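Residue numbers start from 1 in every chain, and the chains themselves are labelled A, B, ... in the order their sequence lines are given, proteins ahead of strands. Heavy-atom basis, side chains included; hydrogens, waters and symmetry copies ignored. Bear in mind the structure is a predicted one, so any value in this text is a computation, not a measurement.
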Protein chains: 2
Amino acid sequence: MESLDKIPGIYDRKETLTAPIDVPSVVIKRLPRYHRYLGDLLRTGKLRISSVELAHLMNVTASQIRHDLNCFGGFGQQGYGYNVKTLHAKIGELLGTEEHYTAVIVGAGNLGRALASTHMFERRGVDRVALFDVCPDIVGTEIYGIPVYHADTLEDFCREHEIDIGVLTVPKEAAYGVTAALIAGGVRGIWNFANMELKLENSDVKVENIHLGDSLMKLCYDMKVEKDHKKGSQT
Amino acid sequence: MESLDKIPGIYDRKETLTAPIDVPSVVIKRLPRYHRYLGDLLRTGKLRISSVELAHLMNVTASQIRHDLNCFGGFGQQGYGYNVKTLHAKIGELLGTEEHYTAVIVGAGNLGRALASTHMFERRGVDRVALFDVCPDIVGTEIYGIPVYHADTLEDFCREHEIDIGVLTVPKEAAYGVTAALIAGGVRGIWNFANMELKLENSDVKVENIHLGDSLMKLCYDMKVEKDHKKGSQT
């Protein structure tokens with residue numbers, strides 16, 4: 001078996017379904033979207049789907065879908081398409097959705113509360129264990145059933161409870177201090193809403209930076225292009 | 001001039017700096033991120049930067065940067081690099097950041113309030129004119145200085161005030177009704193946080209769907225790969 005293991009993707013394809021190391025990160029980034037669409041299809045009772053149908057639904061090309069799924073060995077059969085349930089389960093397995101994680105949300109402002117109230121975490125196997133803030137009015141209370149502790153205790157709490165993920169919803173100015181506490185406390189991932197680019201060089205801690213403003217800018221751009229286009233077709 | 005106009009990019013490059021129609025949407029999507037990084041560089045007093053430096057900073061390849069910026073005619077000079085201020089201004093112009101837009105936020109829950117409190121909109125030339133909700137306790141009040149109106153008046157308000165953008169922060173179940181009212185009211189863009197994929201076929205109205213869960217899933221995936229990698233190197 002050892003020689004087979006060394007061929008990228010071969011071992012994984014047959015056995016563990018872990019992503020081979022050479023899958024482009026741009027493909028990985030697209031997997032959650034596949035997973036979401038397939039989940040929606042499953043709930044509507046759709047059992048199989050062709051790459052052309054899936055492409056139309058997701059507004060991408062069929063060749064991109066075939067290319068992306070082939071990175072992991074491909075799950076389709078010529079003339080049959082994809083089995084929706086199998087594909088959904090396998091992508092979920094690749095993404096690690098069956099794993100269990102714990103998270104703390106740092107910052108109990110509007111955004112922290114919004115994140116405390118959503119079902120998004122549970123759906124992805126992430127348990128929100130605690131909120132942290134510095135405001136004396138809310139420290140010691142519960143928000144949507146999640147206890148709020150003082151930010152001073154963050155590092156110890158993370159270490160003691162082996163927290164996996166720290167969610168940053170603090171102001172930019174506080175973000176570096178909180179990040180240091182989270183890393184010292186041993187978290188493995190940071191989900192960053194602090195409106196600054198968090199880069200951890202030479203660290204095993206993974207970061208996802210959320211920049212909602214980029215999406216707003218893209219929307220404005222699309223609106224501008226549409227307007228220019230209309231203006232152009234009128235003249 | 002007419003014959004030149006027909007060559008994609010030629011006219012635009014020389015005159016208007018509007019994106020040529022054949023720029024891949026994946027490049028357009030990356031522009032806000034370039035704009036953000038260049039803005040940060042400007043604020044630190046950096047005057048010029050090479051594609052290699054910028055690539056390192058943004059964690060992409062230098063050839064991607066050169067390729068992306070070449071889609072718009074390229075702004076770099078061999079051996080000099082990019083002029084940070086010029087490039088920032090030109091990308092801003094391409095994205096339409098100098099244009100002025102108005103927006104309403106529909107849903108004054110935690111997320112709506114979080115969006116009402118951020119400076120992100122102003123920074124992108126978007127003026128938040130009003131919030132809409134159905135809860136009698138908050139209709140008629142102001143949140144962060146923004147008046148809250150009843151959702152029943154949404155369509156008329158948008159028409160009367162020629163609102164450009166509707167921001168959807170309502171529950172999934174209410175999203176389609178609100179979308180219909182926004183479109184009837186004449187908005188040109190919808191920024192959708194309602195946790196469902198909004199697709200408007202045959203419509204001039206542009207949509208940006210936000211799926212925060214996809215980012216959380218990507219974070220979990222990266223953590224899983226890191227863990228597998230560590231396990232692998234221990235054995």
Side-chain angles (χ1 to χ4, degrees), chain A residues 18-19 21 26 28-29 31-33 35-37 40 59 94-97 99 101 109-118 120-121 123-126 164-165 188-191 195 197 199 204 206-208 210-230, chain B residues 18-19 21 26 28-29 31-33 35-37 40 59 94-97 99 101 109-118 120-121 123-126 164-165 188-191 195 197 199 204 206-208 210-230:
Chain A
T18 305
I21 221 76
V26 65
I28 301 293
K29 266 195 188 160
L31 288 184
R33 190 158 177 258
H35 192 258
R36 180 156 45 79
Y37 270 88
D40 288 347
N59 206 20
L94 287 168
L95 286 169
T97 51
E99 312 235 337
Y101 300 96
N110 289 310
L111 184 59
R113 282 162 196 262
L115 292 170
S117 73
T118 140
M120 178 175 43
F121 288 85
R123 241 183 267 134
R124 281 154 193 90
V126 180
D164 298 305
I165 300 171
R188 298 160 50 211
I190 295 178
W191 202 21
N195 203 24
E197 194 80 4
K199 279 177 78 174
D204 298 340
K206 301 297 165 189
V207 178
E208 270 282 305
I210 295 282
H211 287 286
L212 293 177
D214 288 3
S215 166
L216 179 60
M217 214 179 239
K218 172 70 166 48
L219 178 64
C220 292
Y221 174 83
D222 288 341
M223 289 164 56
K224 175 174 173 276
V225 169
E226 179 69 27
K227 194 174 153 190
D228 290 347
H229 176 72
K230 273 188 192 156
Chain B
T18 306
I21 220 78
V26 64
I28 301 292
K29 266 196 186 157
L31 288 184
R33 189 158 178 257
H35 192 257
R36 181 156 45 78
Y37 270 89
D40 287 348
N59 207 18
L94 286 169
L95 286 169
T97 51
E99 311 235 337
Y101 300 96
N110 289 310
L111 184 58
R113 282 161 196 261
L115 291 171
S117 73
T118 139
M120 179 177 38
F121 288 86
R123 240 183 269 133
R124 280 154 194 91
V126 180
D164 299 306
I165 301 171
R188 297 160 49 211
I190 294 177
W191 203 20
N195 204 24
E197 193 83 1
K199 279 177 80 173
D204 298 340
K206 301 297 165 188
V207 178
E208 270 282 306
I210 295 281
H211 287 286
L212 293 176
D214 288 3
S215 166
L216 179 60
M217 213 178 239
K218 170 71 165 49
L219 179 64
C220 291
Y221 174 84
D222 288 342
M223 288 163 57
K224 175 174 173 275
V225 169
E226 178 69 28
K227 194 174 153 190
D228 289 347
H229 175 73
K230 272 188 191 154

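Under a 4.0 Å N-O distance rule, the pair A:E226/B:K206 qualifies as a salt bridge. In summary, B:E99 and A:K224 do not engage in a salt bridge, as defined by a charged side-chain N under 4.0 Å from a carboxylate O.
Of all non-hydrogen atoms in A:L111 and B:A114, the two that sit nearest each other are N-CB, 3.8 Å. Nearest heavy-atom pair, A:L216 versus B:I165, reported as atom, atom and distance to 0.1 Å: CD1-CD1, 4.4 Å. Scanning both residues, B:M223 and A:G189, for their nearest heavy atoms gives SD-CA, 3.8 Å.
Most heavy-atom pairs under 4.5 Å with chain A, from the set B:H211, B:R113, B:R33, B:M120: that is B:H211. Ranked by non-hydrogen atom pairs under 4.5 Å with chain A, the options B:G112, B:S215, B:A116 are led by B:S215. Contacts with chain B were tallied for A:S117, A:G213, A:G109; A:G213 has the most, counting heavy-atom pairs under 4.5 Å.
Separation of atoms CG (B:L31) and OH (A:Y221) is listed at 7.0 Å; rounding is to 0.5 Å. With rounding to the nearest 0.5 angstrom, the NE2 atom of A:H35 is 4.5 Å from the CE atom of B:M217. Distance CG/B:D222 to CG/A:L95: 10.0 Å, rounded to 0.5 Å.
Residue contact with chain B, scored on non-hydrogen atoms closer than 4.5 Å, is absent for A:V26. Contacts between B:N195 and chain A at a heavy-atom distance below 4.5 Å involve the side chain alone, from C-beta outward. With a 4.5 Å cut-off on non-hydrogen atoms, A:I210 touches chain B through its side chain but not through its backbone. Both the backbone and the side chain of B:L212 come within contact range of chain A, with heavy atoms under 4.5 Å apart. Within the 4.5 angstrom heavy-atom criterion, atoms from both the backbone and the side chain of B:F121 approach chain A.
At least one side-chain heavy atom of B:R36 sits less than 4.5 Å from a side-chain heavy atom of A:E197.
Partners of B:Y101 under the ring pair (Phe, Tyr, Trp, His ring centres under 6.0 Å) rule, at least two apart in sequence or in another chain, do not exist in this structure. Remark: B:R124 pairs with no residue by the salt bridge (Lys or Arg N to Asp or Glu O under 4.0 Å) rule, at least two apart or across chains.
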Residues B:D204, A:K230; criterion side-chain contact (heavy atoms from CB on, under 4.5 Å); working and verdict: CA-CA 10 Å; B:D204 298 340; A:K230 273 188 192 156; 3.1 Å; yes
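When the shell of 6.0 Å around NZ of B:K29 is examined, it contains 12 or fewer heavy atoms from other residues, nucleotides or ligands.
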